[in-house]
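The structure under discussion appears below in the form of structure tokens.
Convention: sequence-line order gives letters A, B, ...; per-chain numbering from 1. Here the structure is a predicted model, which is why all the values come from computation and not from measurement.
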Amino acid sequence: MHHNSKLMVLCTLVLAISGCGKKSDSGETAQSEKHIIQNSGSDTMVNLAQAWAEEYAKIDPTVSVEVSGGGSGTGIAALINGTVDIANCSRAIEPEEAETARQNGHDPQEYVVGYDALAVYVHKDNPLNEITIEQLAEIYGEGGSITKWSQLGIQHTAGCSNDEIIRVSRQSNSGTYHYFREALLGKTRDFKLGSRDLHGSKDVVELISKTPCAIGYSGMGYAIPEAKTIKVSKKAGEPFYAPSIETTLSGAYPIARPLYMYSSGKPTEHTQKYLDWILSDVGQKIVEHSGYVPLPADKRITQKEVGE
Amino acid sequence: MAKPSRRQFESGLEFVIESLIKLSGFSAIFFVFGIFFFVFREGAGFLFDGLNLKEFLTSTEWYPTSVSHKRYGVFALIAGTGSITVTAMLIAVPFGLGAAIFISEFCGPKMKETFKIVIELLAAIPSVVWGFVGLTVMNQLIIALFDVPIGLTVLNGSIILALMSVPIIVSIGEDALKAVPDSYREAAVALGATRWQIVYRVLLPAAKNGLLAAVLLGIGRAIGETMAVLMATGHAVKIPTSLFDSVRTLTATIAAELGEAPVNSDHYQVLFIIGILLFTITFVVNLLSDLIVKGIREK
């Protein structure tokens, strides 16, 4: 999987170089030529971005969108270095990153293109059905006190005889990791060391489905029958909600986040058209089909300057 | 007329070929130093200014992306790499040398060909595939066999690594045994030695340099391997206390984090310092092996 994404980055690089060459040779006036939009970043969003690109190719064959993954940080780094037109990001851009990009002449413009609810997964044989954010913080947070399933008030015996909670997490640069840490532990507290840090959203769910003692988090679009999605509440005593389009939009489900696209400076004509299309009904339908949460009509705001 | 010009042409060609070969030889040195220079340059800024080297080497707290308090301690990662390498070698060396001895001394020519082909096939499996086997098949197998909560452990990674180093140990070990002159074997047989006595008393001492090289190359493979251990060990920052703990290795940390660390940030530079550390470790291993081989030779 990692090799794959490296290959993709390489391909996009090659394409980027050849694309740039063409531009300087003949200018942008040639009608017959394909306009290439470079798009890379978040692993969470890579399937979605791919689906958009494929669908858009049918609508406007003169534009080709080249998508690659690598992670939110990779996308932002590419934006700063000026090698992409749009960076996908499953977290908001950091002020320092925006500042560096601005200094390099790639003033990032922010677009919210959908929402992603992070589901909490356990093995299907686990009797646990619901959990609070506070409990999750005690499981995942540095210095947290919960290490056994019995501390959550359940008898988890099926295949997990020693009662230990196996924490599954993501590599420390993933946007999902950052968002989950902030949602659980706030800005300053860290995760407990010793979690199994996997390298992709899909891998997390796969591992949990095969490990009876495990708990983990990943996008709700990655749900599979062998892993159980449990309900989450903000606080003890408050109602528990399962992740869904409705609970995400109403704000009831506590661990949902916006998904961003950042354009490099003011988008060109073609990039702007592409972004507008993403925010249209057709584009948002694809968000829903890919397992994410589409934006309601009144939330589809076109770009805004970062930091304003 | 024709003769001198041909001779001139040949000596010219000789010179060109000689220079090309010389260039290839020197290019190896050039590339090694080039790589070392670039890795060092990327990490040097933070290494000499900002990094607490003692904390770096002795702390187990690896928090490169903490918001409030970034900590770069790689001791747990060193322990991870060490535990995996040692366990893998404990498995791979007996199997590898045993297989080498069997193939070279005990089996018939037809079987030998089959074995060699199969072992070469084993060496040709890409490391991601090994990692995938570790993540899916071995994980469940270890959970079922040992009744542990998770199968992504030192044991899992070590078995995978052992399987990856065995082909190297076998093929180099076999070459070393083959290099022992047949007259040694004939002399031993003439003295009435059994097959095992020949192996134990004659072949092993005669081929020890080559066998040691085989083992050391296996160790090198184990320390440097990335993808397979990244997937099979669980990638958890933790000092292992048993074979059933998850660990994280130095190489896997670089692979997992370098792609997304902002260029020239502290985190990015620390990952290159880990690269320097790995360089140092392999250098020490190679140096030690050189000294050992020399020591054996002088005896």
Rounded at 0.5 Å granularity, tell me how far NE2 in His235(B) sits from OG in Ser169(A).
10.0 Å

Can you tell me which portion of Ile143(B) sits under 4.5 Å from chain A's heavy atoms? Options are side chain, backbone, both or neither.
side chain

For Leu193(A) against Glu61(B), the heavy-atom pair lying closest together
CD1-CA, 3.7 Å

Just wondering, are more than 12 heavy atoms of other shown residues or ligands nearer than 6.0 Å to CD in Gln155(A)?
no

How close do Arg181(A) and Thr65(B) get, counting heavy atoms only, and between which atoms?
NH2-O, 2.9 Å

Out of Leu207(A), Ile166(A), Asp190(A), Asn81(A), which one racks up the most heavy-atom pairs below 4.5 Å with chain B?
Asp190(A)

Picking from Cys160(A), Ser195(A), Gly75(A), Pro212(A), which has the most non-hydrogen pairs under 4.5 angstrom with chain B?
Ser195(A)

Given a strict heavy-atom distance threshold of 4.5 Å, which part of Thr60(B) is in contact with chain A: side chain, backbone, both, or neither?
backbone

Give the minimum heavy-atom separation between Ala256(B) and Gln171(A), together with the two atoms involved.
O-CG, 3.9 Å

Show the nearest heavy-atom pair for residues Asn139(B) and Lys210(A), with the distance to one decimal.
ND2-CB, 4.2 Å

Any chance you could measure Asp197(A), atom CG, to Trp62(B), atom CH2, to the nearest 0.5 Å?
12.0 Å

Please classify the contact of Asn162(A) with chain B as side chain, backbone, both or neither, using a heavy-atom distance under 4.5 Å.
side chain

Over 12 non-hydrogen atoms of neighbours within 6.0 angstrom of CZ in Phe132(B):
no

Test: Arg71(B) and Glu142(A) ion pair at under 4.0 Å
yes

Distance in Å, Leu198(A) CG paired with Leu135(B) CG, rounded so as to fall on 0.5 Å steps:
7.0 Å

Using every non-hydrogen atom in the two residues, find where Phe191(A) and Tyr63(B) come nearest and quote the distance to one decimal.
O-OH, 2.6 Å

Counting neighbours of CZ on Phe146(B) that are heavy atoms of other residues, nucleotides or ligands and sit closer than 6.0 Å, is the number greater than 12?
yes

Could you report the tightest heavy-atom contact between Cys213(A) and Pro149(B), atom names first, then the distance?
SG-CB, 3.6 Å

